[in-house]
> 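Right, I'll just put the structure down here and ask away after.
Nothing here was measured: the structure is a model prediction, and the numbers come from that model.
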Amino acid sequence: KKKVEGCLTMWFLSDTGKQYLKAKSTYLDTVKIDYHPQDTFYHSIGLTNLEVILKRDYAIEGFVSDRYLHKYFADNKKKYRLEYSGYPRIPDMEFSIDGNKYAFELELSKKSRYRYFKMFHFYRDFERYDQVIWVCKDKKMLNYVLKRYLRCLSDSIVRVSKDNEVGLKKIERSKSIHLFATYAEFVKKGMKSLKPLSDYLPGEIPQEKKERIRTNMTELKRTLVT
C-alpha cells in the first residue's frame, strides 16, 4: 500500500489479487485491472495527494479528473477545436474556486521543447480556463518549465506589433494565466505558494535583440521557401 497525503491510502494488488478480481469482474464493472502502468505510477500518486489537499483546504467546485476530461474533449472535439490554435491539450484535472476555473498540471519529468510550445499556445488561446496551475517535481523541474515558457513568451513579444490588439491581449493573458510552484511548496502552502509567469520575467527585451530575432526568423523563412 501507499499512503496518500491527508486521509487516503492506495492499495496495490499482487498477481494473485489481480486474478481474484478478474474472476469477480461481474461485480466490479467500474474497476479496471492494471490501469496504472509503471511509468505513470508516481504521477497518479502525486495527483491523488494534491486532489486530497485541494478538496480538504478549499471550497472546490466542478472537479473533473483527466479520465473524464479525455472523454469530454473527445465528445466535444468539433466544438472546442474552434477555441484554440491547433495545439490540443488535456490537463491532469480541472476545478473551480470562487468562480475562477483552473486547469491543473503536475510535472514530474521533462517534456520536449515542442510539447511545451504546444501547451503554451493552447492555454493562451483556450479561454475555457482562467488560469493554469503548474506543480513541478522540484526546483530543477520548475526552472526547466519556466525556461521553456519564458522563451515562448519572449518570442511572442517579438513577433507581435504594437498595433496588434488581439496579439497584445494574448501576451498579457500568457503572463498572468500560468501559476507555478514546486510540489513541496504546494503541499505546505497550497494556493498561496503559486507565482505567475510575470514574476519570473527578466525585464524588457532590448530593441537590438528584437531586431536580431526578427532578422533570424526572416532568414529562416527564406531558407524554407527556397
> Check whether any side-chain N or O of Asn164 sits under 3.5 Å from a backbone N or O of Val160 as a donor-acceptor pair, and report yes or no.
no
> Would you confirm whether Tyr58, through its side chain, and Gly190, through its main-chain N or O, come within 3.5 Å as a donor-acceptor pair?
no
> Given the ring of Tyr144, does Lys110 sit roughly above its face, with NZ or CZ under 6.0 Å from the centre of the six-membered ring and within 45° of the axis?
yes
> Please report the C-alpha distance between Asp92 and Leu50 in whole Å, then the side-chain angles of each, then the deciding distance to 0.1 Å, and finally whether the side-chain contact (heavy atoms from CB on, under 4.5 Å) criterion is met.
CA-CA 11 Å; Asp92 291 324; Leu50 296 170; over 6 Å; no
> What verdict does the side-chain contact (heavy atoms from CB on, under 4.5 Å) test give for Met191 and Ile133, after you've listed the backbone C-alpha separation in whole Å, the side-chain angles of each residue and the deciding distance to 0.1 Å?
CA-CA 9 Å; Met191 300 290 282; Ile133 296 172; 3.8 Å; yes
> Any chance the side chains of Glu94 and Tyr102 put a donor and an acceptor closer than 3.5 Å?
no
> Closest approach of Leu179 and Ser176, non-hydrogen atoms and distance?
CD2-O, 4.1 Å
> Side chain of Asp66, backbone of Met93: donor and acceptor closer than 3.5 Å?
no
> Ignoring hydrogens and angles, tell me if any N or O in the side chain of His43 forms a donor-acceptor pair with the backbone of Leu106 under 3.5 Å.
yes
> Could you walk me through whether Arg115 and Arg89 pass the side-chain contact (heavy atoms from CB on, under 4.5 Å) check?
CA-CA 10 Å; Arg115 286 186 68 183; Arg89 172 66 186 175; 4.0 Å; yes
> Test your reading of the model: is there a side-chain donor-acceptor pair from Ser193 to the backbone of Lys189, 3.5 Å cut-off?
no
> Listed by chain and number, what are the side chain to side chain contact (heavy atoms under 4.5 Å, CB included) partners of Asp57, not counting sequence neighbours?
Ile53
> Phe117 vs His121 aromatic rings, parallel, tilted or perpendicular, using cut-offs 30° and 60°?
tilted
> Apply side-chain hydrogen bond (donor to acceptor under 3.5 Å, both in side chains) to Glu105 and Tyr123, showing your working.
CA-CA 12 Å; Glu105 298 276 4; Tyr123 285 123; 2.6 Å; yes
> Does the side chain of Glu185 pick up a donor-acceptor pair with the side chain of Thr182 at under 3.5 Å?
yes
> Has Asp98 got more than 12 heavy atoms of other residues, nucleotides or ligands less than 6.0 Å from its CG?
no
> Are the side chain of Arg148 and the backbone of Arg113 linked by a donor-acceptor contact shorter than 3.5 Å?
no
> Please evaluate residues Trp134 and Phe104 with respect to the criterion ring-ring contact (aromatic ring centres under 6.0 Å, His included), reporting the C-alpha separation (whole Å), side-chain torsions for both, the decisive distance (0.1 Å), and the verdict.
CA-CA 6 Å; Trp134 295 88; Phe104 195 101; 9.5 Å; no
> Please determine whether the number of non-hydrogen atoms from other residues, nucleotides or ligands lying under 6.0 Å from atom NZ of Lys111 exceeds 12.
yes
> For a quick check under 3.5 Å, do Tyr183 and Glu107 share a side-chain donor-acceptor pair by atom type?
no
> Determine whether Ile177 and Asp130 satisfy the following criterion, side-chain contact (heavy atoms from CB on, under 4.5 Å), listing intermediate values before the conclusion.
CA-CA 7 Å; Ile177 187 176; Asp130 297 303; over 6 Å; no
> Given the rule in the salt bridge (Lys or Arg N to Asp or Glu O under 4.0 Å) test, do Lys175 and Glu172 qualify, once you have shown the distances and angles that lead to the verdict?
CA-CA 5 Å; Lys175 290 179 182 179; Glu172 291 307 311; 3.3 Å; yes
> Kindly assign one of parallel, tilted or perpendicular to the pair Phe180 and Tyr200, based on the angle between their ring planes and the thresholds 30° and 60°.
perpendicular
> Is it true that a side-chain atom of Ser174 and a backbone atom of Lys170 form a donor plus acceptor pair closer than 3.5 Å?
yes
> Minimum heavy-atom separation for Ala181 and Leu142, please, with both atom names.
N-CD1, 4.3 Å
> For Ala103, does its backbone N or O pair with a side-chain atom of Gln131 as donor and acceptor, under 3.5 Å?
no
> For Phe63, is the NZ or CZ atom of Lys55 found under 6.0 angstrom from the centre of its six-membered ring and inside 45 degrees of the ring axis?
yes
